[in-house]
Novice: 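Here you go, one structure.
Each chain gets a letter, A, B and so on, in the order its sequence line appears, and its residues count up from 1.
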Number of protein chains: 4
Amino acid sequence: MTGSSRGRPRSETARSAILEATRALLIEDGYEDMTVSRIAVRAEVGKQTVYRWWKSKAEIVAEAALNGVIPMEAEQPVATDDLVTDVYTLIRNFTEPANERGGSALIRALASASAASETSGAQLWERFAEPTRAAITQRLAAAVDIGDVRDDVELGSVADALIGSLLLRVLSRQPITSADFEALADVILCGISTGSLGQRSTERSEDS
Amino acid sequence: MTGSSRGRPRSETARSAILEATRALLIEDGYEDMTVSRIAVRAEVGKQTVYRWWKSKAEIVAEAALNGVIPMEAEQPVATDDLVTDVYTLIRNFTEPANERGGSALIRALASASAASETSGAQLWERFAEPTRAAITQRLAAAVDIGDVRDDVELGSVADALIGSLLLRVLSRQPITSADFEALADVILCGISTGSLGQRSTERSEDS
Amino acid sequence: MTGSSRGRPRSETARSAILEATRALLIEDGYEDMTVSRIAVRAEVGKQTVYRWWKSKAEIVAEAALNGVIPMEAEQPVATDDLVTDVYTLIRNFTEPANERGGSALIRALASASAASETSGAQLWERFAEPTRAAITQRLAAAVDIGDVRDDVELGSVADALIGSLLLRVLSRQPITSADFEALADVILCGISTGSLGQRSTERSEDS
Amino acid sequence: MTGSSRGRPRSETARSAILEATRALLIEDGYEDMTVSRIAVRAEVGKQTVYRWWKSKAEIVAEAALNGVIPMEAEQPVATDDLVTDVYTLIRNFTEPANERGGSALIRALASASAASETSGAQLWERFAEPTRAAITQRLAAAVDIGDVRDDVELGSVADALIGSLLLRVLSRQPITSADFEALADVILCGISTGSLGQRSTERSEDS
DNA sequence: GATTAAGCGAGACGGTACGTCATGTCTTTGT
DNA sequence: ACAAAGACATGACGTACCGTCTCGCTTAATC
């Protein structure tokens, strides 16, 4: 009854084997066809060991898929002095993981898990989208300071447009091409209007 | 011996009761917690009658959710002579169904179904996204003709940004506000740059 | 509105095709694995036509199996002047149908049908066992008259022993050999005791 | 790495609850109307636990009914020095279980199960009939030694006649009276002929 | 000959049981 | 005390069959 650490300590090996196995099965079978029993067998772990650390299939998937998709974005600060170059780099950093073997499957799994679990849905996507959103808004804020970007723009919308477009392509199983995202970058940077419309005002906005 | 229409004809009553029950359960329980047995009970239909017409839960959900979410497609052509007004109207027509009771749940169900079913994923989203995409690109194409919109813009990207942003908010269970979408419209119409960057070229862009 | 016989008359072709198909399927699949749908398909008949004439699977089987197993009932009166010869003939007439291709299966079907249907069980076996019982008791009664058989013997018991022995062999899927039944005939005709026990009295015996 | 007995051991409680529930439902509903689901519910057991130990309804019923009908026969050796008394006792020991509440139903279930399952049919009846057969032949063999019974009698036939007669009555849902079986005992002990026929020869017997 | 009523093959219907599989819990032995 | 193994209660899965119910077609007897 020393309390803190009696008996055999928890195995970090088991933990990472479970996440790795989950990732592999998610890519092979998809969220719905993957089972906890198979995760345990693949990870060479008892089923109870899985349930000791995570409460449900959705939770395991959330952690496994997040670890599999997003860790690579916390890479470089992405800052040259050219806004266009940097936006392109941001987009590439963002879309490439999704194109790697299984990346799309993991994002689809994230979507299924978040749809399944009412409680963790919001925070799950927050954790998925926030790093990207932070990288984008940070670079753009710098551009606002320099005067390259208008100071009345809602920068979060730009991030949402990028992430949302990616999500749409992943869920609809369309290929994710740089061309598509560069066309989007084009729209975001320059807009679509010829400018004859004048600067839009931002006054109206009572939502439902 | 025509062989075509022998035996008892299929019951349209049963068909629509199944779709209606599916819709209701999708809103109440979500994709994963909804069961085919409960659909059958709620629709006062035998389980076999469900499986006779649809091969899987994903297929039923695809049809039911599409019928429930997108019938707005056949609305008005949306055409005043003011591009800004029309873009706002398009956005409103698109986001309002998602905010109505259950609209978000149906879109989440659509996402889960498409993630679950490899085969029907693409066509499912095609049917969901295409009507909106068509309405948007059609209106913008008219604006291109008049000279309100640049003629080198990839109009599909605009639609994807709108639809993707909606999808992101629905899956992350954020509220869908007009303000958010109007900020997005602002970006899309006018861009974010101060214009000092000049017209972007479109030369670089071949990879997957 | 005479009410008696308007409309299309019932098809005797259909009726006999159903019974024939039932018999075939009973032999191929056994009682439990045979289905009414397959009867209908095999007989090239609508399922409703089956249910128009019989209320349940047990009823169809009862009629089909009886028609298939016991038509030997209307054979010869079996009467030479030698009791031993005649008992042997009776046994042979009785056991041979069971050995023909499918005979055992039909008897097993009869057993299953009677076990399944509380109501028709008694009458079913009555129809199966009674003709045989009648033939046996009739011949023995004649022997009693002549003095070949004791007049205090319960002749029904003799028939039951024969039929029951057959039934036991069929249900336990043992081969049905003449040797077995002739040994039984030996016991029945002569008894097993050496005779030193004297004639048994019949006084004790009231309970259920 | 013994590999033999790891994991949770099988629950004997569950096992006996299943057999008990099966017996109860067999008596209430009969073989055909009893369902595995109801067995599981009644035994407060998961359906999978039933299927883990038995492959089919027929197998469960075989074991349950045998345990319910026959264990009481391994009673006393039944041996006074009076053959008649002992045969009567044997018969009583044999027919009484069938008359107890549900005994007939269990025997009918045994018949249905053996008709349904090709493989286990023979061994099933062997296990049902053999204890009785052994008891009878053993007692009679002793009688042969003393000289009370002829030494050329096929003793198995006597057992078959008794068991078969019981079976016939059970399946045809006739009441099982001692009177009937005592009449049969009378025939078996003394035969039916007046003796003028002389001792039968046993030479003929080529079966079909 | 036209009408009419019933039987016909076909096959979808509302139910219910099947036997399998997954979830999340519980109870063993092994380390 | 934790891990692996795996049995447990629960309950959904997708299939099969039951017995009923339309369909459109065919077949007489009645008009």
Side-chain angles (χ1 to χ4, degrees), chain A residues 5-11 13-14 32-38 40-41 43-52 54-57, chain B residues 1-11 13-14 33-38 40-41 43-53 55-57, chain C residues 1-11 13-14 32-38 40-41 43-57, chain D residues 1-11 13-14 32-38 40-41 43-53 55-57:
Chain A
S5 69
R6 283 242 280 171
R8 189 169 172 173
R10 290 189 171 176
S11 157
T13 308
E32 203 166 66
D33 292 349
M34 182 197 67
T35 72
V36 177
S37 293
R38 273 209 300 276
V41 169
E44 293 181 301
V45 140
K47 204 160 44 145
Q48 188 58 246
T49 301
V50 178
Y51 282 108
R52 210 187 322 271
W54 295 276
K55 286 189 180 169
S56 67
K57 182 169 145 179
Chain B
M1 277 156 190
T2 43
S4 61
S5 72
R6 296 241 272 170
R8 184 175 179 171
R10 294 186 167 178
S11 158
T13 306
D33 292 348
M34 183 196 67
T35 72
V36 177
S37 293
R38 273 209 301 276
V41 168
E44 293 181 301
V45 141
K47 199 160 44 145
Q48 188 62 63
T49 300
V50 178
Y51 283 109
R52 209 188 324 269
W53 295 18
K55 286 188 180 170
S56 65
K57 185 169 140 178
Chain C
M1 277 162 192
T2 41
S4 61
S5 74
R6 282 244 278 175
R8 183 174 178 171
R10 293 186 167 178
S11 157
T13 307
E32 202 167 67
D33 292 349
M34 183 196 67
T35 73
V36 177
S37 293
R38 274 211 298 278
V41 168
E44 293 180 301
V45 142
K47 202 158 51 142
Q48 187 60 249
T49 302
V50 177
Y51 282 108
R52 209 186 324 268
W53 294 19
W54 296 275
K55 287 187 179 171
S56 66
K57 183 169 144 178
Chain D
M1 278 153 194
T2 42
S4 60
S5 71
R6 293 242 275 173
R8 184 174 178 171
R10 295 188 165 177
S11 158
T13 307
E32 203 167 63
D33 292 349
M34 182 196 68
T35 73
V36 177
S37 293
R38 272 209 301 275
V41 169
E44 292 181 302
V45 140
K47 200 160 46 142
Q48 188 61 65
T49 300
V50 178
Y51 283 110
R52 209 188 322 270
W53 296 17
K55 286 188 180 170
S56 65
K57 185 168 144 178

Novice: Starting at the 5' end of DNA chain E, which residue's closest nucleotide do you reach first, A40(C) or K57(A)?
Specialist: A40(C)
Novice: Describe the nucleic acid contact of S56(D) in one word from base, sugar-phosphate, nothing, applying a heavy-atom distance below 4.0 Å.
Specialist: nothing
Novice: For the side chain of R52(C), starting at C-beta, report the closest nucleotide among dC8(E), dC8(F), dA12(E).
Specialist: dC8(E)
Novice: Could you pull out all residues at least two apart from R38(D) that satisfy side chain to side chain donor-acceptor pair (under 3.5 Å)?
Specialist: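 Checked R38(D) against side chain to side chain donor-acceptor pair (under 3.5 Å); matches are D29(D).
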Novice: Let's test your reading of the model: under 3.5 Å, does the base of dG14(E) pair with the side chain of K47(B) as donor and acceptor?
Specialist: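 Donor-acceptor pair under 3.5 Å: no.
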Novice: Record whether the side chain of R8(D) comes under 3.5 Å of the base of dC8(F) through a donor-acceptor pair of N or O atoms.
Specialist: no
Novice: With nearest nucleotides of DNA chain F determined for T49(D) and A14(A) from heavy-atom distances, which residue corresponds to the more 5′ nucleotide?
Specialist: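 Taking each residue's closest nucleotide, the earlier one in sequence belongs to A14(A).
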Novice: Does Q48(D) get its side chain close enough to the base of dC21(E), under 3.5 Å, for a donor-acceptor pair?
Specialist: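 Under the 3.5 Å cut-off, the side chain and the base do form a donor-acceptor pair.
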Novice: Taking all heavy atoms of K47(D) and all of S37(D), pick out the closest pair and write down the distance.
Specialist: CD-OG, 3.6 Å
Novice: Nearest 0.5 Å, what's the OG1-CZ distance between T49(B) and R10(B)?
Specialist: 10.0 Å
Novice: Measure from the side chain of V45(A), starting at C-beta and using heavy atoms only, and say which of dT25(E), dA4(F), dC8(F) lies closest.
Specialist: dA4(F)
Novice: Between G46(D) and A40(D), which heavy-atom pair has the shortest distance, and what is it?
Specialist: C-CB, 4.1 Å
Novice: Tell me the interatomic distance from R10(D), atom CZ, to dA9(F), atom P, rounded to whole angstroms.
Specialist: 13 Å
Novice: What are the two closest non-hydrogen atoms of M34(B) and K57(B), and how far apart are they?
Specialist: O-NZ, 3.0 Å
Novice: For W54(C), which contact category applies under a 4.0 Å heavy-atom criterion: base, sugar-phosphate, or nothing?
Specialist: nothing
Novice: Does a side-chain N or O from W53(C) land closer than 4.0 Å to OP1 or OP2 of dG19(F), or not?
Specialist: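 Checking W53(C) against dG19(F): no side-chain N or O falls below 4.0 Å of OP1 or OP2.
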Novice: I need the CZ-P distance between R38(A) and dC21(E), as an integer number of Å.
Specialist: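 It is 11 Å, rounded to the nearest whole Å.
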Novice: Taking the side chain of Y51(A) as its heavy atoms from C-beta onward, which of dG19(F), dC13(E), dG24(E) lies nearest to it?
Specialist: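 In terms of side-chain proximity for Y51(A), the closest of dG19(F), dC13(E), dG24(E) is dG24(E).
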Novice: How long is the line joining CD of E44(D) and P of dC8(F), in whole Å?
Specialist: 15 Å
Novice: Within the modelled atom types, does a donor on one side and an acceptor on the other bring the side chain of R6(D) and the base of dT28(E) under 3.5 Å apart?
Specialist: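 No, no donor-acceptor pair under 3.5 Å.
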Novice: Which whole-number value in Å describes the distance from D33(A) CG to dC21(E) P?
Specialist: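 Checked: the CG to P distance equals 14 Å.
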